[in-house]
Undergrad: 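My questions all concern the structure below.
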Amino acid sequence: MSLRNAVLAVLLEGEASGYDLAKSFDASVANFWMATPQQLYRELDKMAADGLIQGRVVQQDRRPNKRLFSLTEAGRRALHEFTATPPHPGAIRDELMVQVQALDAGDAEAVKNALRERMSWAEAKIARFERLRARLLNGRTEEEHLTQADRIGPYLTLLRGLAFERENVRWIRQSLAILDQRTSIPAE
(Lines give C-alpha, C1' and ligand atoms only; values in the text may rest on other atoms or scores of the structure.)
Protein backbone atom coordinates (compact mmCIF):
# COMPACT_ATOMS: atom_id res chain seq x y z
CA MET A 1 0.00 0.00 0.00
CA SER A 2 1.22 3.45 -0.71
CA LEU A 3 0.89 6.63 1.29
CA ARG A 4 -1.25 7.84 -1.60
CA ASN A 5 -4.00 5.33 -0.82
CA ALA A 6 -3.92 6.17 2.88
CA VAL A 7 -4.31 9.89 2.07
CA LEU A 8 -7.20 9.15 -0.28
CA ALA A 9 -8.89 7.12 2.47
CA VAL A 10 -8.47 9.91 5.03
CA LEU A 11 -9.88 12.46 2.57
CA LEU A 12 -13.11 10.46 2.49
CA GLU A 13 -13.85 12.33 5.74
CA GLY A 14 -13.91 15.57 3.74
CA GLU A 15 -11.78 18.53 2.78
CA ALA A 16 -8.62 18.97 4.84
CA SER A 17 -5.40 20.95 4.95
CA GLY A 18 -2.00 19.26 5.08
CA TYR A 19 -1.85 20.13 8.79
CA ASP A 20 -5.32 18.61 9.34
CA LEU A 21 -4.26 15.48 7.48
CA ALA A 22 -1.14 15.13 9.62
CA LYS A 23 -3.28 15.42 12.77
CA SER A 24 -5.82 13.01 11.32
CA PHE A 25 -3.10 10.48 10.51
CA ASP A 26 -1.90 10.70 14.10
CA ALA A 27 -5.42 10.33 15.50
CA SER A 28 -7.09 7.89 13.15
CA VAL A 29 -4.77 5.85 10.97
CA ALA A 30 -1.59 5.81 13.04
CA ASN A 31 -2.46 2.31 14.19
CA PHE A 32 -1.85 1.00 10.68
CA TRP A 33 -0.05 3.67 8.64
CA MET A 34 2.64 6.12 9.69
CA ALA A 35 3.74 9.20 7.77
CA THR A 36 5.72 12.28 8.67
CA PRO A 37 4.27 15.70 7.81
CA GLN A 38 7.02 16.14 5.22
CA GLN A 39 6.03 12.88 3.52
CA LEU A 40 2.39 13.97 3.53
CA TYR A 41 3.08 17.37 1.95
CA ARG A 42 5.24 15.81 -0.78
CA GLU A 43 2.54 13.25 -1.51
CA LEU A 44 -0.21 15.89 -1.59
CA ASP A 45 1.72 17.81 -4.26
CA LYS A 46 2.15 14.64 -6.34
CA MET A 47 -1.50 13.67 -5.95
CA ALA A 48 -2.66 17.14 -6.99
CA ALA A 49 -0.38 16.97 -10.05
CA ASP A 50 -1.87 13.55 -10.89
CA GLY A 51 -5.43 14.90 -10.59
CA LEU A 52 -6.40 12.64 -7.66
CA ILE A 53 -7.07 15.58 -5.35
CA GLN A 54 -7.72 19.24 -5.82
CA GLY A 55 -6.58 22.06 -3.63
CA ARG A 56 -7.95 25.47 -2.95
CA VAL A 57 -6.35 28.35 -1.11
CA VAL A 58 -8.15 29.83 1.88
CA GLN A 59 -7.19 33.41 2.75
CA GLN A 60 -6.58 33.88 6.48
CA ASP A 61 -6.10 36.98 8.58
CA ARG A 62 -3.15 36.90 10.97
CA ARG A 63 -1.99 33.52 9.64
CA PRO A 64 -0.48 32.28 6.42
CA ASN A 65 -2.99 31.20 3.81
CA LYS A 66 -3.75 27.51 3.82
CA ARG A 67 -4.54 24.98 1.13
CA LEU A 68 -7.49 22.67 1.59
CA PHE A 69 -7.53 19.41 -0.34
CA SER A 70 -10.45 17.26 -1.44
CA LEU A 71 -10.91 14.13 -3.52
CA THR A 72 -11.60 14.39 -7.23
CA GLU A 73 -13.57 11.82 -9.16
CA ALA A 74 -10.24 10.40 -10.36
CA GLY A 75 -9.20 10.07 -6.70
CA ARG A 76 -12.41 8.26 -5.83
CA ARG A 77 -11.88 5.90 -8.79
CA ALA A 78 -8.28 5.26 -7.69
CA LEU A 79 -9.49 4.47 -4.17
CA HIS A 80 -12.15 2.14 -5.57
CA GLU A 81 -9.54 0.35 -7.69
CA PHE A 82 -7.25 0.06 -4.68
CA THR A 83 -9.98 -1.57 -2.55
CA ALA A 84 -10.75 -4.01 -5.38
CA THR A 85 -7.13 -5.24 -5.50
CA PRO A 86 -6.11 -8.00 -3.07
CA PRO A 87 -3.68 -6.57 -0.50
CA HIS A 88 -0.12 -7.79 -0.12
CA PRO A 89 0.64 -9.56 3.17
CA GLY A 90 1.95 -7.15 5.77
CA ALA A 91 5.45 -7.36 7.16
CA ILE A 92 6.41 -6.27 10.65
CA ARG A 93 9.76 -4.60 11.18
CA ASP A 94 10.21 -3.86 14.84
CA GLU A 95 13.61 -3.06 16.31
CA LEU A 96 12.38 -3.95 19.80
CA MET A 97 11.58 -7.49 18.64
CA VAL A 98 15.16 -7.86 17.39
CA GLN A 99 16.42 -6.68 20.79
CA VAL A 100 14.15 -9.19 22.57
CA GLN A 101 15.37 -11.94 20.25
CA ALA A 102 18.98 -11.06 21.14
CA LEU A 103 18.57 -10.28 24.85
CA ASP A 104 20.30 -13.49 25.97
CA ALA A 105 23.55 -12.12 24.53
CA GLY A 106 22.82 -8.48 25.29
CA ASP A 107 21.80 -6.09 28.04
CA ALA A 108 18.66 -7.68 29.49
CA GLU A 109 17.96 -4.70 31.78
CA ALA A 110 18.06 -2.29 28.84
CA VAL A 111 15.66 -4.54 26.92
CA LYS A 112 13.32 -4.72 29.93
CA ASN A 113 13.40 -0.92 30.13
CA ALA A 114 12.60 -0.72 26.42
CA LEU A 115 9.68 -3.09 26.98
CA ARG A 116 8.38 -0.91 29.81
CA GLU A 117 8.69 2.18 27.62
CA ARG A 118 6.82 0.45 24.78
CA MET A 119 4.09 -0.56 27.23
CA SER A 120 3.68 3.06 28.36
CA TRP A 121 3.50 4.13 24.73
CA ALA A 122 0.88 1.44 23.97
CA GLU A 123 -1.19 2.42 27.00
CA ALA A 124 -1.13 6.06 25.88
CA LYS A 125 -2.28 5.00 22.41
CA ILE A 126 -5.09 2.94 23.93
CA ALA A 127 -6.24 6.00 25.88
CA ARG A 128 -6.14 8.14 22.68
CA PHE A 129 -8.01 5.47 20.72
CA GLU A 130 -10.64 5.21 23.46
CA ARG A 131 -11.18 9.00 23.31
CA LEU A 132 -11.55 8.75 19.53
CA ARG A 133 -13.97 5.86 19.98
CA ALA A 134 -16.09 7.95 22.36
CA ARG A 135 -16.13 10.80 19.83
CA LEU A 136 -17.15 8.45 17.02
CA LEU A 137 -19.91 6.87 19.08
CA ASN A 138 -21.08 10.30 20.26
CA GLY A 139 -23.26 8.87 23.04
CA ARG A 140 -24.58 6.01 20.92
CA THR A 141 -24.06 2.34 21.55
CA GLU A 142 -21.71 0.52 19.23
CA GLU A 143 -24.67 -1.19 17.58
CA GLU A 144 -26.41 2.16 17.01
CA HIS A 145 -23.25 3.61 15.52
CA LEU A 146 -22.73 0.67 13.18
CA THR A 147 -26.29 0.86 11.89
CA GLN A 148 -26.55 4.68 11.69
CA ALA A 149 -23.09 5.95 10.71
CA ASP A 150 -22.42 6.98 7.12
CA ARG A 151 -19.03 5.29 7.26
CA ILE A 152 -17.94 2.33 9.41
CA GLY A 153 -14.42 1.83 8.03
CA PRO A 154 -12.84 4.29 10.49
CA TYR A 155 -14.53 2.53 13.40
CA LEU A 156 -13.41 -0.90 12.25
CA THR A 157 -9.79 0.21 11.87
CA LEU A 158 -10.00 1.86 15.29
CA LEU A 159 -11.16 -1.45 16.80
CA ARG A 160 -8.15 -3.14 15.18
CA GLY A 161 -5.80 -0.53 16.62
CA LEU A 162 -7.27 -1.00 20.09
CA ALA A 163 -6.94 -4.78 19.85
CA PHE A 164 -3.35 -4.50 18.59
CA GLU A 165 -2.23 -2.18 21.40
CA ARG A 166 -4.07 -4.20 24.07
CA GLU A 167 -2.29 -7.31 22.83
CA ASN A 168 1.04 -5.46 22.93
CA VAL A 169 0.42 -4.56 26.60
CA ARG A 170 -0.61 -8.16 27.42
CA TRP A 171 2.50 -9.60 25.71
CA ILE A 172 4.85 -7.09 27.34
CA ARG A 173 3.46 -7.84 30.81
CA GLN A 174 3.89 -11.56 30.17
CA SER A 175 7.42 -11.05 28.84
CA LEU A 176 8.45 -8.87 31.78
CA ALA A 177 7.04 -11.44 34.24
CA ILE A 178 9.03 -14.20 32.53
CA LEU A 179 12.20 -12.10 32.52
CA ASP A 180 11.73 -11.11 36.17
CA GLN A 181 11.17 -14.76 37.14
CA ARG A 182 14.20 -15.86 35.16
CA THR A 183 16.49 -13.27 36.76
CA SER A 184 15.24 -14.17 40.25
CA ILE A 185 16.43 -17.79 39.86
CA PRO A 186 19.91 -18.11 41.38
CA ALA A 187 22.60 -19.26 38.94
CA GLU A 188 24.17 -22.63 39.77
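Along the sequence shown, residues are numbered consecutively beginning with 1.
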Undergrad: Does F129 reach the side chain of R133, with side-chain heavy atoms less than 4.5 Å apart?
TA: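 No. Closest side-chain heavy atoms not under 4.5 Å.
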Undergrad: May I ask whether I178 and L115 are part of the same hydrophobic cluster, defined by side-chain heavy atoms of I, L, V, M, F, W, Y residues being less than 4.5 angstrom apart, directly or through others?
TA: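 No, I178 does not connect to L115 through the hydrophobic network.
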Undergrad: About how many Å separate CD of Q39 and CG of L44, when rounded to the nearest 0.5 Å?
TA: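 Separation between the atoms: 11.5 Å.
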Undergrad: Could you pull out the closest heavy-atom pair between R140 and A149, with the gap in Å?
TA: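 Minimum heavy-atom separation between R140 and A149: NH1-N, 4.3 Å.
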Undergrad: Are W121 and I126 connected in the hydrophobic side-chain network, where two residues link if heavy atoms are under 4.5 Å apart?
TA: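 No, separate clusters.
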Undergrad: Can you measure from CZ (R4) to CG (L79) and round to the nearest 0.5 angstrom?
TA: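 Atom-to-atom, R4:CZ and L79:CG are 12.0 Å apart.
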Undergrad: So L146 and Y155, do their side chains get closer than 4.5 Å, heavy atoms only?
TA: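 They are in side-chain contact.
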Undergrad: Tell me, do M47 and T72 make a side-chain contact under 4.5 Å, heavy atoms counted?
TA: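 No; the side chains remain at least 4.5 Å from each other.
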Undergrad: Crowded around E144 CD? As in, over 12 foreign heavy atoms under 6.0 Å?
TA: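 Atom CD in E144 is packed in, count exceeds 12.
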Undergrad: Would you say that E123 contacts I172 through its side chain, given a criterion of any heavy-atom pair below 4.5 Å between the two side chains?
TA: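 No - every pair of side-chain heavy atoms lies 4.5 Å or more apart.
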Undergrad: Using every non-hydrogen atom in the two residues, find where E142 and L137 come nearest and quote the distance to one decimal.
TA: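 The pair with the smallest heavy-atom distance is CA-CD2, 3.8 Å.
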Undergrad: Heavy-atom count around Q148 CD within 6.0 Å, excluding the residue itself: above 12?
TA: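 Yes - once you tally the heavy atoms of other residues, nucleotides and ligands closer than 6.0 Å, there are more than 12.
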Undergrad: Please round to the nearest 0.5 Å and tell me the distance separating atom CZ of R166 and atom CZ of R170.
TA: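 Rounded to the nearest 0.5 Å, the CZ-CZ separation comes out at 14.0 Å.
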Undergrad: Determine whether more than 12 heavy atoms belonging to other residues, nucleotides or ligands lie under 6.0 Å from atom CD of E117.
TA: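 No.
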Undergrad: Give the cluster check for M119 versus L96: same hydrophobic cluster or not, with ILVMFWY residues linked at side-chain heavy-atom distances below 4.5 Å.
TA: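 Yes, same cluster.
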Undergrad: Between V58 and F69, is there a shared hydrophobic cluster once you connect ILVMFWY residues whose side-chain heavy atoms come closer than 4.5 Å?
TA: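 V58 and F69: separate clusters.
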Undergrad: Is there a path from V7 to L68 through hydrophobic residues (I, L, V, M, F, W, Y) whose side chains come within less than 4.5 Å of each other?
TA: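 Shared cluster, no.
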Undergrad: If I compare all heavy atoms of H80 with all of T83, which pair ends up nearest, and what's the gap?
TA: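 Where H80 meets T83 most closely, the heavy atoms are O-OG1, 2.9 Å.
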Undergrad: What's the spacing between E167 CD and L162 CG if we round to 0.5 Å?
TA: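 It is 13.5 Å, given to the nearest 0.5 Å.
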Undergrad: So, do K112 and D180 sit near enough that their side-chain heavy atoms are less than 4.5 Å apart?
TA: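 Heavy-atom side-chain distance check passes, below 4.5 Å.
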Undergrad: Minimum heavy-atom separation for L52 to A78, with atom names?
TA: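 Looks like CD2-CB, 3.9 Å.
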Undergrad: Can you tell me how far apart OG (S70) and CZ (R76) are? Round to the nearest 0.5 Å.
TA: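 Between atom OG of S70 and atom CZ of R76 there are 9.0 Å.
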Undergrad: Please examine the side chains of W171 and V100, heavy atoms only from C-beta on, and report whether any two atoms are closer than 4.5 Å.
TA: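 They are in side-chain contact.
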Undergrad: Under 3.5 Å, is there a donor-acceptor pair between the side chain of R63 and the main chain of Q60?
TA: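 No; judged by distance alone, with no hydrogens or angles, the pair does not exist.
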Undergrad: Can a donor-acceptor pair be found, under 3.5 Å and without considering hydrogens, that links the side chain of Y41 to the backbone of Y19?
TA: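 Yes: the side chain of Y41 pairs with the backbone of Y19.
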Undergrad: Which value, rounded to the nearest 0.5 Å, describes the distance between R67 atom CZ and E15 atom CD?
TA: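 Answer for the CZ-CD pair, R67 versus E15, is 12.0 Å.
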